[in-house]
Amino acid sequence: MENRILYVRLPCNPIFPIGVVYLADHVHKLFPEAEQRIFDLGTVPPLDFAGALDACVDEFQPTLLVFSWRDIQIYAPVGGRGGNPLQNAFEFYYAKNPFVKLRGALGGLRITTAYYTELWRNQGLIKRGLQRAQKYRSNARAVVGGGAVSVFYEQLGRSLPAGTIISVGEGEALLEKLLANRDLSDERCYVVGETKPRDRMIHEQPTNIEKTACNYNYIEKIWPEFQYYLHDEDFYVGVQTKRGCPHNCCYCIYTVIEGKQVRINPADEVVAEIRQLYDRGIRNFWFTDAQFIPARKFIDDAVELLQKIIDAGMDDIHWAAYIRADNLTPELCDLMVKTGMNYFEIGITSGSQELVRKMRMGYNLRTVLENCRDLKAAGFNDLVSVNYSFNVIDETYETIRQTIAYHRELERIFGPDKVEPAIFFIGLQPHTHLEEYAFKKDILKPGYDPMSIMPWTARKLLWNPEPFGSFFGEVCLQAWRQNPNDFGREVMKILEEKLGCADLEEALSAPVDVKEKQLLPA
């Protein structure tokens with residue numbers, strides 16, 4: 001049977017669609033006779049979504065539509081969907097001024113309306129594309145996957161067309177079996193109206209697939225919008241060096257979706273992929289791994305990759321990534337600077353070692369500081385974004401003071417203008433340890449709808465529980481009033497003014513409560 005595969009990236013911010021690109025590349029290597037096309041709605045004006053999709057389906061007449069859905073949940077400290085979700089929520093929940101509270105309510109209403117409109121729109125685009133394809137090919141099918149689907153796969157099954165295959169996590173093995181007419185029952189997927197997702201299906205380990213360099217000569221042929229991402233000199237193009245994350249951070253979904261087994265892409269293949277993009281004029285790369293160096297055992301792999309980038313003569317590139325800074329070495333720091341790392345993010349969540357341990361983050365804050373000093377000594381003079389998620393588990397005034405002390409030390413290392421505190425409040429997601437904690441503490445009830453952003457649900461999913469919820473709400477509102485363009489630094493300043501700053505050594509120490517052992521009876 002002729003296979004004609006249309007990949008439709010559903011509308012989202014203009015982020016390079018690395019997942020769809022890698023899927024199409026993998027299929028081409030196994031099924032070179034299959035006709036493929038990538039259609040990126042992220043490059044289409046909103047009023048043209050439906051018409052552009054119709055025209056593409058009419059022209060290509062696919063037998064299989066693969067929809068990639070990246071974003072659903074919107075709790076973030078940045079603008080989007082017509083407003084700042086965090087600011088609107090905090091104004092509505094915590095503002096004392098009734099006019100500010102009303103502004104928050106109206107802003108929240110706009111965001112809620114936009115959120116549900118996007119949900120219905122994307123579901124409508126999936127139905128529309130499938131129905132139109134079936135006019136030409138009665139047996140045309142749809143697969144729906146992507147980050148949003150992997151998190152909310154159980155809920156989305158209620159609203160997608162019967163027969164749709166809902167894919168969780170990586171899709172290569174699923175498409176491989178689907179195109180070869182093989183049984184899908186052991187893949188992380190289910191068919192709407194025919195099968196049900198297995199219990200804890202998202203926790204099953206993904207298939208280990210040997211990754212080779214993406215063939216961008218082929219991708220360019222099947223993706224007319226490819227040039228869209230090559231014109232902006234400041235745009236970072238994604239390259240993946242590994243999959244999987246071995247950690248257990250209480251709020252994170254990556255380790256569930258990608259699995260705990262870290263699968264390294266061969267350095268030669270990664271460099272060959274970068275070279276193809278480099279030859280097309282790309283100089284900025286984002287390593288899209290969950291963590292660029294997830295554990296110390298993978299340091300040698302990072303060293304090998306960066307050394308091979310140098311050996312390839314690509315000495316005018318820049319790159320960025322999420323990095324666990326507890327896994328740096330002086331050699332690695334030197335290579336990072338030499339290869340052009342000009343930005344990185346570290347998600348330490350808290351500057352209190354006690355809370356880091358409670359949140360199962362698995363790193364030592366003292367080591368992070370030591371390694372940051374090594375990075376500075378190696379010549380790193382660019383921006384570092386430090387993600388703080390206040391009030392996650394067992395926050396106290398003392399742990400807040402410790403976080404301030406820790407942040408000030410990072411500023412002493414890199415310079416106050418180079419350390420950007422990104423203030424997050426966790427959006428609680430299903431399948432995480434934090435969700436289990438919420439059940440145990442009776443904050444949420446099993447069976448709740450994690451896709452709901454109705455005020456009575458959103459207040460629980462936007463994780464900022466009392467007794468500190470109101471305190472942080474007031475601090476954030478003050479920061480938005482005083483310095484909305486530098487929100488993170490303003491929050492840190494206000495917290496220090498209100499609470500003071502702990503001694504750094506207190507932040508780095510986490511005494512373990514040792515319960516007295518009970519002697520066995522003689």
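What you see is a predicted model; the values in this text were computed from it and never measured.
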- Verify salt bridge (Lys or Arg N to Asp or Glu O under 4.0 Å) between R243 and D289, making sure each step is shown before the conclusion. CA-CA 6 Å; R243 291 180 179 179; D289 316 2; over 6 Å; no
When the ring centroid of [X] is compared with that of [Y], is the distance short of 6.0 Å?
X	Y	result
F235	Y229	yes
H431	Y153	yes
Y228	W223	no
F285	Y278	no
F425	F90	yes

Enter the distance from [X]:[atom1] to [Y]:[atom2] here, rounded to the nearest 0.5 Å.
X	Y	atom1	atom2	value
N97	L102	CG	CG	10.0 Å
S389	N464	OG	CG	11.0 Å
F424	L462	CZ	CG	12.0 Å
E258	C252	CD	SG	9.0 Å
I202	I253	CD1	CD1	4.5 Å
N122	C12	CG	SG	9.5 Å

- Query: Regarding R4 and the six-membered ring of F60, is the cationic atom NZ or CZ under 6.0 Å from the ring centre and inside 45° of its axis?
  - Reply: yes
- Test the K242-F292 pair against the cation-pi criterion, namely NZ or CZ under 6.0 angstrom from the six-membered ring centroid and within 45° of the ring axis. yes
Test your reading of the model: is there a side-chain donor-acceptor pair from [X] to the backbone of [Y], 3.5 Å cut-off?
X	Y	result
E490	N483	no
R9	F67	no
N387	E345	no
Y115	M451	yes
Q134	A140	yes
H433	Y251	no
R188	I257	yes
Q478	Q482	no
N215	Y218	yes
R182	L178	no

- Message: Applying ring-ring contact (aromatic ring centres under 6.0 Å, His included) to Y236 and F16, what does each step give before you reach the verdict?
- Response: CA-CA 8 Å; Y236 282 73; F16 192 73; over 10 Å; no
A quick test of your reading: do over 12 heavy atoms of other residues, nucleotides or ligands sit less than 6.0 Å from [atom1] of [X]?
X	atom1	result
K29	NZ	yes
Y437	OH	yes
R70	CZ	no
K221	NZ	no

- Run the numbers on Y136 and D58 for side chain to side chain donor-acceptor pair (under 3.5 Å), then give the verdict. CA-CA 8 Å; Y136 303 100; D58 290 345; 2.7 Å; yes
- Query: Looking only at side chains, do Y22 and Q240 share a donor and an acceptor under 3.5 Å apart?
  - Reply: no
- Query: Any side-chain donor-acceptor pair under 3.5 Å between T432 and E436?
  - Reply: no
- Sort out for me which residue in W286, Y343, F344 forms a ring pair (Phe, Tyr, Trp, His ring centres under 6.0 Å) with Y322. W286
- Message: Strictly by salt bridge (Lys or Arg N to Asp or Glu O under 4.0 Å), give each pair with a member in residues 89-102 just once, sequence neighbours left out.
- Response: E91-R103, K96-E474
- Mind checking what makes salt bridge (Lys or Arg N to Asp or Glu O under 4.0 Å) contact with D186, not counting sequence neighbours? K177
- Task: Apply the side-chain contact (heavy atoms from CB on, under 4.5 Å) test between C214 and each candidate in V239, V270, V21, I18; give the one that qualifies.
- Result: V21
- Message: Determine whether E269 and K211 satisfy the following criterion, salt bridge (Lys or Arg N to Asp or Glu O under 4.0 Å), listing intermediate values before the conclusion.
- Response: CA-CA 8 Å; E269 299 294 333; K211 178 76 173 63; over 6 Å; no
- Message: The criterion is side chain to side chain contact (heavy atoms under 4.5 Å, CB included); which residues satisfy it with R128, sequence neighbours excluded?
- Response: A50, D54
- Message: Tell me whether R198 is salt-bridged to E204, with the criterion being a basic N under 4.0 Å from an acidic carboxylate O.
- Response: yes
- Task: Answer yes or no: is there an ion pair linking E273 with R275, defined by an N-O contact shorter than 4.0 Å?
- Result: no
